[in-house]
Amino acid sequence: MTIYHFPLLGTEGTFGLNLNPFDTNLVNLTIVIGVMFWFLKGFLGEMLERRRQVILSSLSDAEANLKNATIALEKAQTDLAEAQQRAERIRADGKLRAEAIRKESEHRTIDAMASLKEDALADLNAEMARISEQLRLQTAVQAIEKAMATLPSKLDSKAHAQLIDQSIANLE
Amino acid sequence: MVSLSFPFHIAELEVGQHLYWQIGHLNLHGQVFISSWVVIGALLTLIVLGTRKMERDPKGVQNLLEFLWDYIRDLAREQIGEKAYRDWLPFIGTLFLFIFVCNWGGALVPWKLVKLPSGELGAPTADINTTVAMALLVSLSYFYAGLSRKGLRYFEYYVEPTPIMLPFKIIEDFTKPLSLSFRLFGNILADELVVGVLAFLVPVIVPLPAMFLGLFTSAIQALIFATLAANYIGEAVHEEHH
(Lines give C-alpha, C1' and ligand atoms only; values in the text may rest on other atoms or scores of the structure.)
Protein backbone atom coordinates (compact mmCIF):
# COMPACT_ATOMS: atom_id res chain seq x y z
CA MET A 1 0.00 0.00 0.00
CA THR A 2 1.61 3.21 -1.08
CA ILE A 3 1.55 5.92 1.56
CA TYR A 4 3.18 8.57 -0.55
CA HIS A 5 1.91 8.87 -4.03
CA PHE A 6 3.36 11.62 -6.11
CA PRO A 7 2.54 11.42 -9.80
CA LEU A 8 6.07 12.37 -10.70
CA LEU A 9 6.48 8.91 -12.03
CA GLY A 10 4.10 9.75 -14.81
CA THR A 11 1.42 7.34 -13.86
CA GLU A 12 -1.45 9.58 -14.83
CA GLY A 13 0.00 12.27 -17.04
CA THR A 14 3.39 13.81 -17.42
CA PHE A 15 5.08 17.00 -16.48
CA GLY A 16 5.94 18.90 -19.56
CA LEU A 17 6.38 22.21 -21.20
CA ASN A 18 3.58 23.91 -23.05
CA LEU A 19 4.87 26.45 -25.52
CA ASN A 20 1.64 27.33 -27.24
CA PRO A 21 1.48 31.13 -26.91
CA PHE A 22 -2.29 31.23 -27.11
CA ASP A 23 -2.88 28.39 -24.73
CA THR A 24 -0.57 29.86 -22.14
CA ASN A 25 -1.79 33.41 -22.66
CA LEU A 26 1.81 34.37 -23.34
CA VAL A 27 1.00 37.16 -25.76
CA ASN A 28 -1.23 39.01 -23.35
CA LEU A 29 1.04 38.28 -20.45
CA THR A 30 4.05 39.81 -22.15
CA ILE A 31 2.03 42.91 -22.91
CA VAL A 32 0.78 43.13 -19.33
CA ILE A 33 4.20 42.54 -17.83
CA GLY A 34 5.70 45.12 -20.13
CA VAL A 35 3.12 47.73 -19.19
CA MET A 36 3.49 46.93 -15.50
CA PHE A 37 7.24 47.31 -15.67
CA TRP A 38 7.00 50.64 -17.45
CA PHE A 39 4.32 51.92 -15.10
CA LEU A 40 5.95 50.72 -11.92
CA LYS A 41 9.36 51.96 -12.90
CA GLY A 42 7.83 55.38 -13.37
CA PHE A 43 5.43 55.60 -10.46
CA LEU A 44 7.14 53.44 -7.88
CA GLY A 45 10.60 54.48 -8.99
CA GLU A 46 9.72 58.14 -8.48
CA MET A 47 8.20 57.50 -5.08
CA LEU A 48 11.20 55.49 -3.94
CA GLU A 49 13.61 58.08 -5.28
CA ARG A 50 11.76 60.85 -3.47
CA ARG A 51 11.84 58.80 -0.28
CA ARG A 52 15.55 58.24 -0.67
CA GLN A 53 16.16 61.95 -1.23
CA VAL A 54 14.16 62.87 1.85
CA ILE A 55 16.15 60.40 3.91
CA LEU A 56 19.48 61.62 2.55
CA SER A 57 18.64 65.27 3.09
CA SER A 58 17.41 64.71 6.64
CA LEU A 59 20.57 62.69 7.37
CA SER A 60 22.82 65.47 6.03
CA ASP A 61 20.76 68.07 7.92
CA ALA A 62 21.25 66.09 11.09
CA GLU A 63 25.00 65.88 10.43
CA ALA A 64 25.24 69.63 9.77
CA ASN A 65 23.30 70.29 12.96
CA LEU A 66 25.67 68.03 14.83
CA LYS A 67 28.69 69.84 13.48
CA ASN A 68 27.27 73.26 14.30
CA ALA A 69 26.26 72.11 17.73
CA THR A 70 29.79 70.76 18.42
CA ILE A 71 31.36 74.04 17.32
CA ALA A 72 28.94 76.05 19.46
CA LEU A 73 29.63 73.75 22.39
CA GLU A 74 33.39 74.23 22.10
CA LYS A 75 33.01 77.99 21.86
CA ALA A 76 30.70 78.01 24.85
CA GLN A 77 33.19 75.94 26.81
CA THR A 78 36.08 78.35 26.11
CA ASP A 79 33.86 81.28 27.02
CA LEU A 80 32.94 79.53 30.22
CA ALA A 81 36.61 78.91 31.11
CA GLU A 82 37.44 82.55 30.44
CA ALA A 83 34.54 83.78 32.54
CA GLN A 84 35.51 81.46 35.33
CA GLN A 85 39.07 82.80 35.33
CA ARG A 86 37.81 86.36 35.45
CA ALA A 87 35.45 85.51 38.24
CA GLU A 88 38.36 83.90 40.12
CA ARG A 89 40.46 87.05 39.74
CA ILE A 90 37.67 89.31 40.87
CA ARG A 91 37.08 87.12 43.85
CA ALA A 92 40.77 87.23 44.85
CA ASP A 93 40.88 91.02 44.45
CA GLY A 94 37.76 91.38 46.45
CA LYS A 95 39.15 89.25 49.20
CA LEU A 96 42.33 91.35 49.44
CA ARG A 97 40.37 94.55 49.49
CA ALA A 98 38.03 93.24 52.12
CA GLU A 99 41.04 92.24 54.20
CA ALA A 100 42.57 95.72 53.89
CA ILE A 101 39.31 97.44 54.79
CA ARG A 102 38.91 95.21 57.77
CA LYS A 103 42.40 95.97 59.03
CA GLU A 104 41.91 99.71 58.51
CA SER A 105 38.65 99.75 60.38
CA GLU A 106 40.27 97.75 63.14
CA HIS A 107 42.97 100.35 63.54
CA ARG A 108 40.50 103.16 63.47
CA THR A 109 38.41 101.53 66.09
CA ILE A 110 41.45 101.01 68.27
CA ASP A 111 42.49 104.63 67.84
CA ALA A 112 39.01 105.89 68.57
CA MET A 113 38.80 103.73 71.63
CA ALA A 114 42.21 104.98 72.79
CA SER A 115 41.26 108.61 72.34
CA LEU A 116 37.96 108.00 74.07
CA LYS A 117 39.82 106.47 76.95
CA GLU A 118 42.19 109.43 77.14
CA ASP A 119 39.31 111.85 77.07
CA ALA A 120 37.64 109.93 79.80
CA LEU A 121 40.82 109.91 81.83
CA ALA A 122 41.31 113.63 81.27
CA ASP A 123 37.76 114.29 82.32
CA LEU A 124 38.25 112.14 85.33
CA ASN A 125 41.46 113.97 86.29
CA ALA A 126 39.84 117.32 85.77
CA GLU A 127 36.94 116.27 87.89
CA MET A 128 39.30 114.98 90.58
CA ALA A 129 41.28 118.19 90.52
CA ARG A 130 38.11 120.22 90.78
CA ILE A 131 36.79 118.17 93.62
CA SER A 132 40.09 118.20 95.51
CA GLU A 133 40.29 121.98 94.97
CA GLN A 134 36.79 122.35 96.29
CA LEU A 135 37.55 120.17 99.25
CA ARG A 136 40.70 122.17 100.07
CA LEU A 137 38.75 125.33 99.81
CA GLN A 138 36.11 123.93 102.07
CA THR A 139 38.63 122.69 104.62
CA ALA A 140 40.42 126.07 104.51
CA VAL A 141 37.15 127.90 105.03
CA GLN A 142 36.22 125.50 107.81
CA ALA A 143 39.63 125.95 109.47
CA ILE A 144 39.34 129.71 109.28
CA GLU A 145 35.81 129.58 110.70
CA LYS A 146 36.94 127.35 113.46
CA ALA A 147 39.91 129.60 114.18
CA MET A 148 37.59 132.63 114.10
CA ALA A 149 35.28 130.85 116.50
CA THR A 150 38.01 130.01 118.98
CA LEU A 151 39.92 133.23 118.40
CA PRO A 152 37.98 135.54 120.65
CA SER A 153 38.37 133.05 123.53
CA LYS A 154 42.03 132.68 122.95
CA LEU A 155 42.80 136.27 122.12
CA ASP A 156 43.16 138.69 125.17
CA SER A 157 44.83 142.14 125.14
CA LYS A 158 48.32 140.82 125.85
CA ALA A 159 48.28 138.12 123.15
CA HIS A 160 46.71 140.60 120.84
CA ALA A 161 49.50 143.14 121.33
CA GLN A 162 52.10 140.41 120.84
CA LEU A 163 50.46 139.34 117.63
CA ILE A 164 50.47 142.87 116.28
CA ASP A 165 54.17 143.34 117.10
CA GLN A 166 54.97 140.09 115.37
CA SER A 167 53.09 141.03 112.33
CA ILE A 168 54.83 144.37 112.14
CA ALA A 169 58.13 142.61 112.52
CA ASN A 170 57.12 140.32 109.62
CA LEU A 171 56.25 143.24 107.55
CA GLU A 172 59.71 144.74 108.01
CA MET B 1 -14.81 19.53 -18.98
CA VAL B 2 -15.44 21.44 -22.16
CA SER B 3 -13.54 20.60 -25.30
CA LEU B 4 -14.46 22.01 -28.65
CA SER B 5 -14.03 20.11 -31.84
CA PHE B 6 -12.13 22.73 -33.72
CA PRO B 7 -9.48 21.74 -36.20
CA PHE B 8 -6.90 23.69 -34.23
CA HIS B 9 -6.54 23.77 -30.49
CA ILE B 10 -7.01 27.25 -29.05
CA ALA B 11 -7.71 27.04 -25.36
CA GLU B 12 -9.30 24.86 -22.78
CA LEU B 13 -11.23 25.95 -19.79
CA GLU B 14 -11.83 23.75 -16.83
CA VAL B 15 -12.31 24.24 -13.14
CA GLY B 16 -11.80 21.79 -10.35
CA GLN B 17 -8.99 19.66 -11.73
CA HIS B 18 -6.24 19.27 -9.17
CA LEU B 19 -2.91 17.57 -9.03
CA TYR B 20 -3.50 15.21 -6.14
CA TRP B 21 -0.72 14.15 -3.83
CA GLN B 22 -1.64 11.49 -1.38
CA ILE B 23 -0.12 11.43 2.09
CA GLY B 24 -1.71 8.81 4.32
CA HIS B 25 -5.42 9.31 3.96
CA LEU B 26 -5.15 12.93 2.87
CA ASN B 27 -5.23 14.23 -0.64
CA LEU B 28 -3.23 17.39 -1.10
CA HIS B 29 -3.64 19.83 -3.93
CA GLY B 30 -0.15 19.54 -5.29
CA GLN B 31 -0.42 22.43 -7.70
CA VAL B 32 -1.23 24.83 -4.85
CA PHE B 33 1.79 23.63 -2.93
CA ILE B 34 4.08 24.02 -5.91
CA SER B 35 2.94 27.55 -6.69
CA SER B 36 3.04 28.47 -2.98
CA TRP B 37 6.63 27.28 -2.75
CA VAL B 38 7.51 29.34 -5.80
CA VAL B 39 5.91 32.43 -4.20
CA ILE B 40 7.66 31.82 -0.88
CA GLY B 41 10.96 31.27 -2.67
CA ALA B 42 10.53 34.52 -4.60
CA LEU B 43 9.73 36.51 -1.44
CA LEU B 44 12.67 35.05 0.48
CA THR B 45 15.03 35.69 -2.41
CA LEU B 46 13.88 39.28 -2.66
CA ILE B 47 14.39 39.89 1.03
CA VAL B 48 17.73 38.12 1.27
CA LEU B 49 19.08 40.00 -1.74
CA GLY B 50 17.73 43.30 -0.50
CA THR B 51 19.16 43.07 2.99
CA ARG B 52 22.58 41.69 2.20
CA LYS B 53 24.56 44.92 2.35
CA MET B 54 22.53 47.50 4.19
CA GLU B 55 23.80 51.01 3.85
CA ARG B 56 22.72 54.30 5.30
CA ASP B 57 21.92 55.51 1.82
CA PRO B 58 18.98 53.31 0.76
CA LYS B 59 19.44 52.25 -2.81
CA GLY B 60 17.46 49.92 -5.02
CA VAL B 61 15.92 46.90 -3.35
CA GLN B 62 16.79 48.10 0.13
CA ASN B 63 14.78 51.24 -0.51
CA LEU B 64 11.84 49.17 -1.74
CA LEU B 65 11.96 46.86 1.28
CA GLU B 66 12.19 49.78 3.70
CA PHE B 67 9.22 51.40 1.96
CA LEU B 68 7.22 48.18 2.26
CA TRP B 69 8.17 47.88 5.92
CA ASP B 70 7.06 51.45 6.60
CA TYR B 71 3.78 50.81 4.80
CA ILE B 72 3.02 47.61 6.70
CA ARG B 73 4.02 49.19 9.99
CA ASP B 74 1.70 52.15 9.44
CA LEU B 75 -1.11 49.76 8.54
CA ALA B 76 -0.61 47.64 11.65
CA ARG B 77 -0.12 50.63 13.91
CA GLU B 78 -3.27 52.33 12.68
CA GLN B 79 -5.45 49.26 13.13
CA ILE B 80 -4.01 47.68 16.24
CA GLY B 81 -2.90 50.73 18.16
CA GLU B 82 0.41 51.90 19.47
CA LYS B 83 0.67 49.55 22.42
CA ALA B 84 0.33 46.14 20.83
CA TYR B 85 1.09 46.51 17.13
CA ARG B 86 4.70 45.42 17.36
CA ASP B 87 3.80 41.89 18.39
CA TRP B 88 1.56 41.44 15.37
CA LEU B 89 3.61 43.27 12.77
CA PRO B 90 5.31 40.12 11.38
CA PHE B 91 1.99 38.31 11.07
CA ILE B 92 0.25 41.17 9.27
CA GLY B 93 3.26 41.74 7.08
CA THR B 94 3.42 38.09 6.11
CA LEU B 95 -0.28 38.00 5.29
CA PHE B 96 -0.04 41.11 3.17
CA LEU B 97 3.09 40.17 1.26
CA PHE B 98 2.19 36.53 0.75
CA ILE B 99 -1.31 37.29 -0.52
CA PHE B 100 -0.05 40.15 -2.67
CA VAL B 101 2.68 38.13 -4.35
CA CYS B 102 0.34 35.14 -4.70
CA ASN B 103 -2.26 37.25 -6.44
CA TRP B 104 0.09 39.14 -8.71
CA GLY B 105 2.18 36.04 -9.33
CA GLY B 106 -0.94 34.19 -10.31
CA ALA B 107 -1.89 36.95 -12.71
CA LEU B 108 1.51 37.75 -14.23
CA VAL B 109 3.59 34.57 -14.22
CA PRO B 110 2.98 32.31 -17.26
CA TRP B 111 2.16 29.28 -15.15
CA LYS B 112 0.65 27.37 -17.99
CA LEU B 113 4.08 26.95 -19.55
CA VAL B 114 4.48 24.08 -17.11
CA LYS B 115 2.18 21.23 -17.93
CA LEU B 116 1.13 19.13 -14.98
CA PRO B 117 -0.12 15.57 -15.16
CA SER B 118 -3.45 16.78 -13.86
CA GLY B 119 -4.75 20.22 -13.21
CA GLU B 120 -2.67 23.33 -13.76
CA LEU B 121 -0.66 25.83 -11.80
CA GLY B 122 -2.17 29.14 -10.86
CA ALA B 123 -2.46 31.57 -8.00
CA PRO B 124 -2.37 29.70 -4.68
CA THR B 125 -5.06 31.98 -3.38
CA ALA B 126 -7.44 30.77 -6.07
CA ASP B 127 -7.87 27.62 -3.98
CA ILE B 128 -10.37 27.84 -1.17
CA ASN B 129 -8.11 25.81 1.10
CA THR B 130 -5.41 28.46 1.06
CA THR B 131 -7.75 31.30 1.88
CA VAL B 132 -9.63 29.34 4.52
CA ALA B 133 -6.33 28.40 6.15
CA MET B 134 -5.27 32.04 6.32
CA ALA B 135 -8.69 33.16 7.57
CA LEU B 136 -8.64 30.55 10.32
CA LEU B 137 -5.16 31.72 11.27
CA VAL B 138 -6.55 35.24 11.57
CA SER B 139 -9.40 33.97 13.74
CA LEU B 140 -6.99 32.08 15.95
CA SER B 141 -4.71 35.07 16.21
CA TYR B 142 -7.33 37.57 17.29
CA PHE B 143 -8.61 35.16 19.93
CA TYR B 144 -5.08 34.60 21.14
CA ALA B 145 -4.38 38.33 21.10
CA GLY B 146 -7.45 39.13 23.17
CA LEU B 147 -7.03 36.29 25.63
CA SER B 148 -3.31 36.73 26.17
CA ARG B 149 -3.66 40.45 26.69
CA LYS B 150 -6.81 40.65 28.76
CA GLY B 151 -7.31 37.17 30.15
CA LEU B 152 -10.92 36.18 30.63
CA ARG B 153 -11.88 39.87 30.61
CA TYR B 154 -11.66 39.53 26.85
CA PHE B 155 -15.17 38.10 26.88
CA GLU B 156 -16.52 41.44 28.12
CA TYR B 157 -16.13 42.41 24.48
CA TYR B 158 -19.17 40.30 23.63
CA VAL B 159 -21.50 42.49 25.68
CA GLU B 160 -19.54 45.69 25.18
CA PRO B 161 -21.93 48.47 24.11
CA THR B 162 -25.07 46.62 25.18
CA PRO B 163 -25.79 42.95 25.99
CA ILE B 164 -28.20 42.86 23.07
CA MET B 165 -25.13 42.62 20.85
CA LEU B 166 -24.21 39.20 22.26
CA PRO B 167 -25.84 37.02 19.53
CA PHE B 168 -24.48 39.26 16.81
CA LYS B 169 -20.98 39.14 18.21
CA ILE B 170 -21.13 35.36 18.45
CA ILE B 171 -22.28 35.11 14.84
CA GLU B 172 -19.43 37.46 13.92
CA ASP B 173 -16.93 34.92 15.20
CA PHE B 174 -18.14 32.62 12.44
CA THR B 175 -18.75 35.15 9.72
CA LYS B 176 -15.39 36.84 10.08
CA PRO B 177 -13.30 33.92 8.84
CA LEU B 178 -16.02 33.01 6.36
CA SER B 179 -16.08 36.41 4.75
CA LEU B 180 -12.31 36.80 4.79
CA SER B 181 -11.74 33.51 3.05
CA PHE B 182 -14.51 33.80 0.50
CA ARG B 183 -13.81 37.41 -0.36
CA LEU B 184 -10.24 36.64 -1.31
CA PHE B 185 -10.98 33.29 -2.93
CA GLY B 186 -13.87 34.66 -4.93
CA ASN B 187 -11.97 37.66 -6.22
CA ILE B 188 -8.94 35.72 -7.34
CA LEU B 189 -10.76 32.74 -8.82
CA ALA B 190 -13.24 35.00 -10.58
CA ASP B 191 -10.45 37.04 -12.13
CA GLU B 192 -8.73 33.85 -13.29
CA LEU B 193 -11.97 32.59 -14.77
CA VAL B 194 -12.83 35.86 -16.50
CA VAL B 195 -9.39 36.11 -18.07
CA GLY B 196 -9.56 32.43 -18.97
CA VAL B 197 -12.96 32.73 -20.61
CA LEU B 198 -12.00 35.87 -22.51
CA ALA B 199 -8.76 34.25 -23.67
CA PHE B 200 -10.79 31.21 -24.63
CA LEU B 201 -13.05 33.37 -26.78
CA VAL B 202 -10.60 35.91 -28.18
CA PRO B 203 -6.99 34.96 -27.50
CA VAL B 204 -5.33 38.35 -27.87
CA ILE B 205 -5.98 41.95 -26.79
CA VAL B 206 -9.52 41.47 -25.49
CA PRO B 207 -8.50 39.86 -22.17
CA LEU B 208 -6.14 42.77 -21.48
CA PRO B 209 -8.54 45.14 -19.68
CA ALA B 210 -9.70 42.26 -17.51
CA MET B 211 -6.08 41.40 -16.71
CA PHE B 212 -5.29 44.97 -15.67
CA LEU B 213 -8.46 45.16 -13.62
CA GLY B 214 -7.52 41.83 -12.07
CA LEU B 215 -4.11 43.17 -11.06
CA PHE B 216 -5.71 46.21 -9.47
CA THR B 217 -8.40 44.33 -7.55
CA SER B 218 -6.09 41.55 -6.42
CA ALA B 219 -3.70 44.11 -4.95
CA ILE B 220 -6.61 45.71 -3.13
CA GLN B 221 -7.79 42.33 -1.89
CA ALA B 222 -4.38 41.67 -0.37
CA LEU B 223 -4.55 45.02 1.36
CA ILE B 224 -8.08 44.39 2.56
CA PHE B 225 -7.23 40.96 3.97
CA ALA B 226 -4.27 42.34 5.90
CA THR B 227 -6.18 45.41 7.07
CA LEU B 228 -9.13 43.37 8.28
CA ALA B 229 -6.86 40.92 10.05
CA ALA B 230 -5.15 43.84 11.80
CA ASN B 231 -8.54 45.36 12.58
CA TYR B 232 -9.82 42.19 14.23
CA ILE B 233 -6.66 41.93 16.29
CA GLY B 234 -6.95 45.59 17.19
CA GLU B 235 -10.55 45.11 18.28
CA ALA B 236 -9.50 42.22 20.48
CA VAL B 237 -6.71 44.11 22.25
CA HIS B 238 -8.55 47.39 22.35
CA GLU B 239 -8.78 48.84 25.83
CA GLU B 240 -12.09 50.50 26.49
CA HIS B 241 -11.71 54.01 27.85
CA HIS B 242 -14.19 54.37 30.67
Side-chain angles (χ1 to χ4, degrees), chain A residues 1-70, chain B residues 8-12 17 19-28 30 33-34 56-68 70-71 104 107-121 192 195-196 198-200 202-212 214-216:
Chain A
M1 167 173 153
T2 51
I3 305 294
Y4 301 102
H5 174 69
F6 295 109
L8 292 160
L9 308 171
T11 41
E12 288 171 1
T14 46
F15 284 84
L17 208 60
N18 185 347
L19 289 173
N20 186 338
F22 296 116
D23 204 6
T24 58
N25 216 8
L26 261 181
V27 179
N28 295 324
L29 274 179
T30 43
I31 300 178
V32 170
I33 293 177
V35 169
M36 287 312 293
F37 253 106
W38 167 82
F39 174 69
L40 280 184
K41 208 186 274 282
F43 175 65
L44 203 65
E46 245 182 58
M47 215 166 40
L48 290 180
E49 186 58 33
R50 232 181 307 142
R51 175 178 185 272
R52 177 166 164 265
Q53 288 307 325
V54 164
I55 289 177
L56 286 178
S57 69
S58 59
L59 277 177
S60 63
D61 279 348
E63 279 183 356
N65 278 348
L66 175 67
K67 219 188 319 169
N68 289 343
T70 338
Chain B
F8 48 94
H9 181 83
I10 303 180
E12 250 179 30
Q17 286 280 334
L19 174 65
Y20 287 105
W21 291 348
Q22 195 177 355
I23 295 186
H25 295 296
L26 298 172
N27 275 328
L28 301 177
F33 275 86
I34 294 177
R56 223 166 62 137
D57 173 13
K59 287 197 299 267
V61 186
Q62 181 187 339
N63 201 358
L64 175 67
L65 291 179
E66 285 183 8
F67 169 71
L68 278 176
D70 275 337
Y71 185 73
W104 272 31
L108 292 177
V109 170
W111 296 105
K112 295 217 195 86
L113 281 175
V114 177
K115 203 160 72 79
L116 297 178
S118 163
E120 61 187 14
L121 291 169
E192 267 192 10
V195 171
L198 287 177
F200 177 65
V202 185
V204 286
I205 303 297
V206 167
L208 282 176
M211 296 175 85
F212 285 116
L215 284 176
F216 177 63

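Every chain is numbered from 1, with letters handed out A, B, ... down the list of sequences. For the numbers below, each heavy atom of this structure counts, side chains included, while hydrogens, waters and symmetry mates do not. The shown structure was predicted, so the numbers you read here are calculated from the model rather than taken from an experiment.
Other residues, nucleotides and ligands contribute at most 12 non-hydrogen atoms within 6.0 Å of the CZ atom of B:Phe33.
Neither the backbone nor the side chain of B:Leu28 comes within less than 4.5 Å of any heavy atom of chain A. The contact between B:Val109 and chain A is made entirely by backbone atoms, counting heavy-atom distances below 4.5 Å. Only the side chain of A:Ile55 comes within less than 4.5 Å of a heavy atom of chain B; its backbone N, CA, C and O stay farther away.
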Mind listing the side-chain donor-acceptor pairs of residues 60-68 of chain B below 3.5 Å, one per line with the distance, residues two or more places apart or on another chain?
from	atom 1	to	atom 2	distance (Å)
B:Gln62	OE1	B:Glu55	N	3.1
B:Gln62	NE2	B:Glu55	O	2.9
B:Gln62	NE2	B:Glu66	OE2	3.0
B:Asn63	OD1	A:Arg51	NH1	2.7
B:Asn63	ND2	A:Leu48	O	2.8
B:Glu66	OE1	A:Arg51	NH1	3.1
B:Glu66	OE1	A:Arg51	NH2	3.1

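Interface with chain B: from residues 56-66 of chain A, residues A:Leu56, A:Leu59, A:Glu63 qualify, criterion being any non-hydrogen pair under 4.5 Å. Residues of residues 26-39 of chain A that come within less than 4.5 angstrom of chain B, heavy atom to heavy atom, are A:Leu26, A:Val27, A:Asn28, A:Leu29, A:Ile31, A:Val32, A:Ile33, A:Val35, A:Met36 in numerical order.
A:Asn25 approaches B:Pro203 most closely through the heavy-atom pair OD1-O, 4.1 Å.
Judged as a side chain to side chain donor-acceptor pair (under 3.5 Å), and not counting sequence neighbours, the contacts of B:Asp57 are A:Arg52.
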